[in-house]
Each structure stands twice: as structure tokens, then as C-alpha cells.
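Structure first, commentary second.
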Amino acid sequence: MTDQVWKRDEIESPCVKICVVHPEARLCTGCLRSIDEIGAWSRMSPEDRRRIMAELPGRQNLIQKRRGGRSARLKRGL
């Protein structure tokens, strides 16, 4: 007898266990998915997952590393 759970043909989650939401882009800095996408991932169709997975590399430029801490925020007027 085999365990069919381990033979499913599904896209794995892109999660890398760095779950921090970027304050401006509103994307997870680890996997680059939105909060809505993360929450719905297990209920999405394989086609929707594939579409999102294909979009993820292009989202990297939406997240800029924050540098300068409080003083940089003050200079930007935040």
C-alpha cells in the first residue's frame, strides 16, 4: 500500500519561512506573495498557483531594502 498524499502533482508553496510584510509594497519579503495570496494558497487551483509562481520573480523589484533606520525615515518625512 502506498501513501497517495506524497504522490500528488501540486505546486509546492514558495514560502521560505521569512514572513515579513513589506510596509509599502504589502508583499511578503520572503516569498513575494500578497497576504491574500498566502491566505488562499491552499484553496487555489493549480492553474492559479502556477500563474502566481510565474509572477513572483518580477515582484522582487517592488521591494526595496530599507536603509538608514529612523534618520532616513525623518528625512523622507515619514
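With contacts defined as side-chain heavy-atom distances shorter than 4.5 Å, the pair Ser13/Arg33 qualifies.
Both Leu62 and Ile52 belong to a single network of hydrophobic side chains, linked directly or stepwise wherever heavy atoms of I, L, V, M, F, W or Y lie under 4.5 Å apart. Hydrophobic clustering (side-chain heavy atoms under 4.5 Å, transitive across Ile, Leu, Val, Met, Phe, Trp, Tyr) keeps Val16 apart from Leu32.
Here the CE-CZ distance, from Met44 to Arg50, works out to 13.5 Å after rounding to the nearest 0.5 Å. Between the CG atom of Asp48 and the CE atom of Met53 there is a distance of 13.5 Å, given to the nearest 0.5 Å. For the atom pair CD1 of Ile18 and SG of Cys31, the computed distance is 9.5 Å after rounding to the nearest 0.5 Å. How far CZ of Arg59 is from NE2 of His22: 14.0 Å, rounded to the nearest 0.5 Å. Taking CZ from Arg49 and CD from Glu12, the interatomic distance works out to 10.5 Å, rounded to the nearest 0.5 Å.
When all heavy atoms are compared, the tightest approach of Cys15 to Cys19 is SG-SG, 4.4 Å. The shortest heavy-atom contact between Ile63 and Ala25 is CG1-CB, 4.2 Å.
No salt bridge links Arg51 with Glu47; every basic N to acidic carboxylate O contact stays at or beyond 4.0 Å.
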